[in-house]
Amino acid sequence: MADKNDYPLEKVRNIGIMAHIDAGKTTTTERILYFTGENYKIGNVDDGTTTMDFMKQEQDRGITIQSAATTCFWKGIKINVIDTPGHVDFTAEVERSLRVLDGAVTVLDGKNGVEPQTETVWRQASKYKIPRIVFVNKLDAIGADFEMSARSIKQKLGAEYVVISYPIGLSQEFHGIIDLIEMKAYMYTSAVLTDPPVEVPIPAEYMEKAKHFHQEMLEKVSNFDDDLMMQVLQGEEPKPEDVKKVLRKATITGEIFPVLCGSAFKDKGVRLLLDAVVSYLPSPLDVPAAVGHDANGNEVICNSTNDEPLTALAFKITADPFVGRLTFVRIYSGVMRTGTYVINTNKHQTERLSRLVLMHAKNRQDVDALYAGEIGAVVGLKNTATGDTLCDESRQVQLESIQFSDPVISEAIEPASKADQDKMAAALMKLVEEDPTFHFFTNQETGQSIIAGVGELQLDVNVTRLREDFNVKVNVGAPQVAYRETIKKMGECEGRYIKQSGGHGQYGVVDVRFEPNPGKGYEFVDAITGGAIPREYIKPTDEGLKEAMTRGLQAGYPAIDIKCTLYDGSYHDVDSSEAAYKMAAALAFKGAASKCDPVILEPIVKAEITTPNDYLGTVLGDISSRRGQTEGMESHGNAQVITAYLPLANMFGYISDLRAMTQGRGIYMMTFDHYAEVPRTVAADIIKKRSE
């Protein structure tokens, strides 16, 4: 076997495991590690003994919070695996993992098929053009339905799929799997779950089903190759290796998604899944080379080879209790070696590579080098953040960074004692480095320390980590909503800042037209003609307007989506200054409060609420009482899945209320969708509370 750290690139797979919460991602990853010989004991999510969910928070809550990376080997292929979270509050972890992966395994719960968070991670993977295979899991569970789960890929994701394995039995009767390409059956007959299956002829009662799906598979795959199409049309039986070759090509281009079946918990189908990862997911050589830009904006192709200058992307930062700051990197070209220096092109700073490691969840293996196509970590980088490019001085290039969601929920946080004050700020800054969707800042008006994020669970987890991991005692206030402000009509406002106080005075006069600019953010237009305002005062006016917008018009929330056209003004030869025009701009913006019909906007979330049929009326009534709008409903067995849009302000603690309404059987997921105007009565309450 080749040196583990310098594997030929065609024998490397960088894959992620992604899915809706509780579909079985971590269990699937644990079985992969066991069968590839990386682990000698199988971890269990319920017992808190998994390799990949190694944080105390993950073990206590039974969910994945941080993506974890590891490396394993299967049939001569090196597989770098990242297990990603399924809860919507931690989709940033999925986003940054997908940014650096070449392929992914999407795990579906065989009882539910495609679920809300599956759609979210699928969209993220599509954004980065990630080839995927689908593993329909939990077919040993009561209510499992493989064919429904497969159909839901087309119905809910609009994706073209092809079934390449079929279950023999379901629920307690799930005893085997048919390989539809080889047309062989594998039965799990041993009392020892981890024993390999026995190859047998396809059972007679499944032969018709197998032939049907085999033919359907051939018809779908043959669409991507003329020779294969001719064989199928002429009624010939193609060789399995020819089918696999075409299926691999179509999977890598993202035109089709192979679907496999199994039960990771019962160790069924995991070996076939590993075979599929090797057969159909791409190596770093099969995907387009990374494209960056040099200092002049010219495109630079970073080919996956050790012979080119180094280009790597930092995609994740963690605070490791044993080694300090760990920066996870994907090497796109060249070799990263210990003891050398690299340029961070985002920060224009030099960093020294003092120590390189390969990760196995929380364990680290020291290496001298990381090669093109690899995923590893650097210990001790001081200035590198998520999304930064690290490269060789001889070829300075910047790769596309990673975009994250803005916070929509915040809460006040304060140290329990003076001794905790400095510790709290330092610990919070570490959490901010780790999670780009988690923010920490001081409210200038109230002096309060604020933490903000994308969901209640995310804030709760980070507060618990402060107390348990960093030993900082803190108190938190009720969650606050990140409201915004905007205007509804056009208005022209003058800002005059004129002061005479002996000697030099201050003089700045601006006329600004304010207009609604829905969905386009802040826009500044310089329409000054005839030198009414000298050029050097245009930029300060722009800056003054930007600053004023952060203070809002009514309740002190930041203003968004406003077009500001500077069309006139005047100046004084002696008294005009940059500061005067900044003040004048702020005064003009203040005038918009009376002329432009200002309104307050609130974040609206899209919620997917699953409830048993018996409680449907109660849940729908509750949605209305929260100012929610139901968009649609879909029957799912004996349950209904409701899609609704609701104000985030009315969703705090919703999971407790939903459980109370449905005797603990209701579940929901929500994601931020858009900002919308709040009703006048609600706006009046918000303004009153802010003024208090």
Side-chain angles (χ1 to χ4, degrees), residues 10-13 15 32 35-36 73-77 79 102-103 105-106 131-136 139 146-147 150 153 159-169 175-189 196-262 268-283 285-286:
E10 65 272 12
K11 296 197 170 185
V12 173
R13 304 286 183 271
I15 67 161
I32 285 173
F35 287 124
T36 56
F73 298 83
W74 182 254
K75 296 186 176 175
I77 301 292
I79 305 173
D102 301 324
V105 176
T106 304
R132 279 145 276 174
I133 56 179
V134 180
F135 180 60
V136 180
L139 292 180
F146 174 71
E147 291 187 28
I153 298 167
E160 196 57 61
Y161 68 92
V162 57
V163 172
I164 60 170
S165 70
Y166 193 87
I168 297 174
H175 297 309
I177 294 173
I178 299 167
D179 178 338
L180 294 168
I181 294 178
E182 302 271 359
M183 285 302 272
K184 295 175 180 174
Y186 296 92
M187 297 299 285
Y188 296 86
T189 53
V198 178
E199 186 184 319
V200 297
I202 295 170
E205 66 271 29
Y206 278 89
M207 187 53 85
E208 197 174 322
K209 200 73 145 165
K211 283 180 177 172
H212 166 75
F213 276 97
H214 175 71
Q215 192 58 34
E216 189 179 87
M217 179 270 301
L218 288 178
E219 286 167 10
K220 284 185 176 182
V221 176
S222 65
N223 285 325
F224 303 101
D225 185 86
D226 292 343
D227 292 342
L228 198 63
M229 173 78 79
M230 287 308 297
Q231 282 182 275
V232 172
L233 289 175
Q234 289 167 6
E236 296 173 25
E237 183 61 37
K239 292 177 183 171
E241 55 267 30
D242 292 340
V243 176
K244 287 180 180 180
K245 193 191 292 182
V246 175
L247 181 53
R248 175 180 177 78
K249 193 174 80 177
T251 304
I252 289 171
T253 56
E255 294 169 282
I256 202 161
F257 303 94
V259 179
L260 297 101
C261 60
K268 293 174 182 170
V270 180
R271 290 177 179 85
L272 289 171
L273 173 62
L274 278 163
D275 288 343
V277 166
V278 167
S279 297
Y280 308 119
L281 290 182
S283 76
L285 297 175
D286 296 319

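The basis for the numbers below is simple: all heavy atoms, side chains too, and nothing from hydrogens, waters or symmetry mates. Since we're looking at a predicted model, the values are computed, not measured.
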**Request:** Considering non-hydrogen atoms only, spot the tightest contact between A185 and I202 and give its length.
**Result:** CB-CA, 3.9 Å
**Complete:** Shortest non-hydrogen pair, V232 vs S222, comes out as CG2-CB, 4.0 Å
**Request:** Provide the closest heavy-atom pair for S165 versus F146 in the form atom of the first, atom of the second, distance.
**Result:** O-CZ, 3.4 Å
**Prompt:** Out of D275, V277, I32, which residue meets the side-chain contact (heavy atoms from CB on, under 4.5 Å) rule with W74?
**Reply:** D275
**Prompt:** Side chains of P258 and L247: does their closest heavy-atom pair fall under 4.5 Å?
**Reply:** yes
**Message:** What I'd like to find out is whether the side chain of K209 reaches to under 4.5 Å of the side chain of F213, using heavy atoms alone.
**Reply:** yes
**Request:** Would you mind reporting whether E255 and N223 have side-chain heavy atoms less than 4.5 Å apart?
**Result:** no
**Request:** Would you give the length of the straight line joining atom CG of D226 to atom CE of M229, rounded to the nearest 0.5 angstrom?
**Result:** 7.0 Å
**Asked** Does the Y206 side chain pair with the main chain of G169, one donor and one acceptor, at a distance under 3.5 Å?
**Response** yes
**Item:** P131 to I252 - nearest heavy-atom pair and separation
**Value:** CG-O, 3.4 Å
**Request:** For Y186 and K268, indicate whether the former's side chain and the latter's backbone hold a donor-acceptor pair under 3.5 Å.
**Result:** no
**Request:** Applying side chain to side chain contact (heavy atoms under 4.5 Å, CB included), run through I256 and T251 and close with a yes or a no.
**Result:** CA-CA 5 Å; I256 202 161; T251 304; 4.2 Å; yes
**Prompt:** With a 4.5 Å limit on heavy-atom distance, are the side chains of F257 and I153 in contact?
**Reply:** no
**Prompt:** Just checking, K11 and F73: is the charged tip under 6.0 Å from the six-membered ring centre and within 45° of the axis?
**Reply:** no
**Item:** Minimum heavy-atom distance between L260 and L272, given as atom pair plus value
**Value:** CD2-O, 3.7 Å
**Prompt:** Got a donor-acceptor contact below 3.5 angstrom from the R13 side chain to the E10 backbone?
**Reply:** yes
**Request:** Look at E182 together with K244 and state whether they make a salt bridge at an N to O cut-off of under 4.0 Å.
**Result:** yes
**Asked** Should T189 and V200 be marked as a side chain to side chain contact (heavy atoms under 4.5 Å, CB included) after you check the CA-CA gap, both sets of side-chain angles, and the distance that decides it?
**Response** CA-CA 11 Å; T189 53; V200 297; over 6 Å; no
**Prompt:** Does a side-chain heavy-atom distance below 4.5 Å link M207 with K211?
**Reply:** yes
**Asked** Considering all heavy atoms of both residues, which atom of I77 and which atom of V278 are nearest to each other, and what is their separation?
**Response** CG1-CG1, 3.6 Å
**Request:** Carefully, step by step, assess K239 and Q231 under the rule side chain to side chain contact (heavy atoms under 4.5 Å, CB included).
**Result:** CA-CA 10 Å; K239 292 177 183 171; Q231 282 182 275; over 6 Å; no
**Message:** I'd like to know if the side chain of K220 reaches the main chain of Y161, judged simply by a donor and an acceptor atom lying under 3.5 Å from each other, with no hydrogens or angles considered.
**Reply:** yes
**Gap separating the CG atom of D225 from the NZ atom of K249, nearest 0.5 angstrom** = 5.5 Å
**Message:** Could you check whether R248 pairs with D286 (Lys NZ or Arg NE/NH1/NH2 to Asp/Glu carboxylate O, under 4.0 Å)?
**Reply:** yes
**Request:** Please test Y280 against I164 for side chain to side chain contact (heavy atoms under 4.5 Å, CB included), starting from the C-alpha separation and ending with a verdict.
**Result:** CA-CA 12 Å; Y280 308 119; I164 60 170; 3.7 Å; yes
